[in-house]
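Written below as structure tokens is the structure these notes are about.
Quick note: numbers below take in every heavy atom, side chains included, and nothing from hydrogens, waters or symmetry partners.
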Amino acid sequence: MKNIINIASLLLLLGSLKVLAVPYQLTTLAEDLNYPWSLAFLPDNSMLLTERTGKLKHLSAAGELLAAVAPGLPQLYVAAQGGLLEVLLPDTFEQNQQLLLSYVCGDADANTLCLATARWQQQQLTDIKLIFKAEPYRQGAAHYGGRMLQLPDGSILLTLGDGFDYREQAQNPANHLGKIVRLNPDGSIPADNPFALQGGYAPQIYSLGHRNVQGIVLDRVTQQLYSHEHGPRGGDELNIIVPGQNYGWPVATRGIDYTGARVSPFRQYPGMVEPIWHWSPSIAPAGMTLYQGGLFLDWQGDLFITALAGKALHQLVMENGKVVTEQLLLTELNSRLRDVRTGPDGALYVLTDSASGKLLRLTPAQPSGD
């Protein structure tokens with residue numbers, strides 16, 4: 001059953017609370033999803049949805065379950081933050097039905113973030129191939145990153161977390177912890193990567209000094225590349241990503257450790273890029289989309305970010321690559337929000353984060369007719 005709610009949201013204007021009526025309809029398309037993590041739209045407007053616990057689900061445009069498959073990924077490891085993460089349909093999907101899946105592989109003693117290709121044919125995944133494995137392996141089950149983005153040249157960006165207990169490795173250029181990497185769709189290394197020929201650097205690195213990047217989007221009008229990442233206690237960040245740059249973690253941060261201890265005495269550090277926006281206390285940003293749809297004309301070019309701890313959908317109003325206002329939506333749900341996508345119909349699609357998660361569709365409110 002679909003639930004439709006008319007809601008008004010709040011506008012947070014540069015630190016002063018200002019109420020702004022933004023009427024919209026919220027429709028529940030699917031329920032009882034087991035920790036849904038990401039969403040991708042097929043050419044017929046149906047959807048592929050990942051559940052972190054290991055299922056890939058095919059849903060109709062109306063949210064009806066068409067198929068649920070266990071992908072059979074090599075050494076899939078499901079624990080805490082680990083499991084099946086992102087599904088990405090490259091631009092060539094209609095020609096070859098090949099998609100990309102990021103997931104955690106290994107076991108409790110040694111695991112890492114892996115990337116595989118597969119073909120989606122007749123409601124099944126076939127031709128599964130492991131094309132990249134982040135190095136080194138680590139223990140624990142936190143801070144994997146796992147978000148993907150295809151750039152206009154066809155290459156793939158993949159975000160990689162610092163492993164939580166290995167934060168200093170985000171500054172080690174010889175490995176993949178705390179990095180964004182750039183790969184060709186077959187997992188090979190692009191020759192023009194910023195460190196492809198530099199000794200002592202992992203050649204896949206696109207940028208470094210990250211904690212746990214959970215959202216990455218490209219503004220295809222301005223070619224500006226945005227990512228956001230979790231801080232510890234405070235210090236969540238929104239960054240503009242430039243290839244070859246260092247984003248500071250853990251040398252420069254506005255956050256403190258969970259123990260209350262200082263992570264670093266520095267908020268800024270020479271040669272390291274500062275965020276364009278930050279959140280303290282932490283909101284735990286998760287998914288992100290840059291709105292360029294046709295339903296909400298006033299929202300063109302704005303960033304929408306789901307928050308786990310913050311339990312809201314954050315709208316960042318953007319002008320010339322800068323955040324000018326922040327608006328909070330969906331706070332009345334009081335739910336952890338995992339992912340947000342702009343659909344081919346111009347609606348916003350949101351995943352809640354729980355063992356009984358939901359897929360929600362956000363559209364403009366219809367006139368009451370009174």
Side-chain angles (χ1 to χ4, degrees), residues 3-13 15-39 49-53 80-81 83 85 142-143 146-147 161 211-215 217 227-238 254-256 258 277-289 291 296 299 302-317 323 325-342 347-363:
N3 304 314
I4 299 180
I5 310 168
N6 286 327
I7 305 161
S9 60
L10 296 177
L11 179 66
L12 194 60
L13 178 60
S16 63
L17 195 63
K18 189 176 182 180
V19 177
L20 177 69
V22 181
Y24 56 81
Q25 290 184 163
L26 189 63
T27 305
T28 300
L29 296 183
E31 299 179 283
D32 297 321
L33 302 170
N34 196 356
Y35 291 101
W37 211 89
S38 75
L39 188 70
L49 179 148
T50 60
E51 292 178 332
R52 186 182 52 75
T53 47
Q81 296 176 14
L85 303 181
H143 289 198
R147 291 292 182 189
R211 187 170 184 265
N212 191 26
V213 175
Q214 291 283 281
V217 296
S227 79
H228 64 59
E229 61 188 82
H230 291 196
R233 285 175 57 184
D236 296 346
E237 296 181 356
L238 176 70
R254 288 172 170 80
I256 60 174
Y258 295 108
W277 196 252
H278 61 91
W279 294 271
S280 293
S282 293
I283 65 168
M288 177 163 58
T289 190
Y291 189 78
F296 295 96
W299 291 356
D302 290 349
L303 292 172
F304 288 83
I305 296 168
T306 43
L308 297 167
K311 296 183 177 181
L313 178 63
H314 289 244
Q315 178 187 0
L316 301 183
V317 179
V323 180
T325 61
E326 182 172 11
Q327 177 171 288
L328 305 183
L329 292 80
L330 306 184
T331 54
E332 71 287 340
L333 299 179
N334 193 32
S335 296
R336 290 166 56 90
L337 304 181
R338 171 60 68 180
D339 199 15
V340 57
R341 304 287 167 141
T342 304
L348 287 177
Y349 290 75
V350 176
L351 295 176
T352 67
D353 179 67
S354 77
S356 55
K358 297 179 180 180
L359 169 60
L360 309 173
R361 182 173 179 262
L362 189 67
T363 54

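Here NE2 of H278 is found 10.5 Å from CG of D236. Values are rounded to the nearest 0.5 Å. Interatomic distance, E31 CD to L360 CG, rounded to the nearest 0.5 Å: 9.0 Å. Rounded to the nearest 0.5 Å, atoms NE2 (H230) and CD1 (I283) are 8.0 Å apart. To the nearest 0.5 Å, atom CG of residue D353 and atom CG of residue L308 are 5.5 Å apart. Interatomic distance, R338 CZ to T50 OG1, rounded to the nearest 0.5 Å: 9.5 Å. Atoms CG and CZ, from L348 and R361 in turn, are 10.0 Å apart once rounded to the nearest 0.5 Å.
Shown here for L362 and Y24, the closest heavy-atom pair between the two residues is CD1-CD1, 2.8 Å. Heavy atoms only, all atoms of each residue included: T352 and S335 are closest at CG2-CB, 4.4 Å. Here the shortest heavy-atom pairing between A312 and T331 reads CB-CG2, 3.7 Å. In terms of heavy-atom proximity, R336 sits nearest to K311 at N-CG, 3.9 Å. Nearest heavy atoms, D339 versus S38: OD2-CA, 3.2 Å. Closest of all the heavy-atom pairs between G235 and S282 is N-OG, 4.4 Å.
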>> One pair to check against side-chain contact (heavy atoms from CB on, under 4.5 Å): D302 and F296. What are the steps and the verdict?
In response: CA-CA 10 Å; D302 290 349; F296 295 96; over 6 Å; no

> Are E51 and Y35 close enough, and set up right, to give a side-chain contact (heavy atoms from CB on, under 4.5 Å), and what steps lead you there?
Replying inline: CA-CA 5 Å; E51 292 178 332; Y35 291 101; 5.8 Å; no

>> Working note: L333 + K358, criterion side-chain contact (heavy atoms from CB on, under 4.5 Å); need CA distance, chi angles, decisive distance, verdict.
In response: CA-CA 11 Å; L333 299 179; K358 297 179 180 180; over 6 Å; no

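When side chains are defined from C-beta on, L359 counts as touching Y349, because their heavy atoms get closer than 4.5 Å.
Checked options L330, T306, L39; the residue passing with V340 is T306 (criterion: side-chain contact (heavy atoms from CB on, under 4.5 Å)).
Side-chain contact check for Q81 and H143: no donor-acceptor pair (N or O, by modelled atom type) lies under 3.5 Å.
R211 contributes a side-chain N or O that, together with a main-chain N or O of G231, makes up a donor-acceptor pair within less than 3.5 Å. At distances below 3.5 Å, at least one donor-acceptor pair connects side-chain atoms of R52 with backbone N or O atoms of A80. Remark: the backbone N or O of G287 is paired with a side-chain donor or acceptor of H228 at under 3.5 angstrom. Judged by distance alone, with hydrogens and angles left aside, the side-chain atoms of Q327 form no donor-acceptor pair with the main-chain N or O of Q315 at under 3.5 Å.
Note on ring orientation: taking the six-membered ring where Trp is involved, the planes of W277 and W279 are perpendicular (angle over 60°, cut-offs 30° and 60°). Taking the six-membered ring where tryptophan is involved, the planes of F304 and Y291 are perpendicular, since the angle between them exceeds 60° and thus also 30°.
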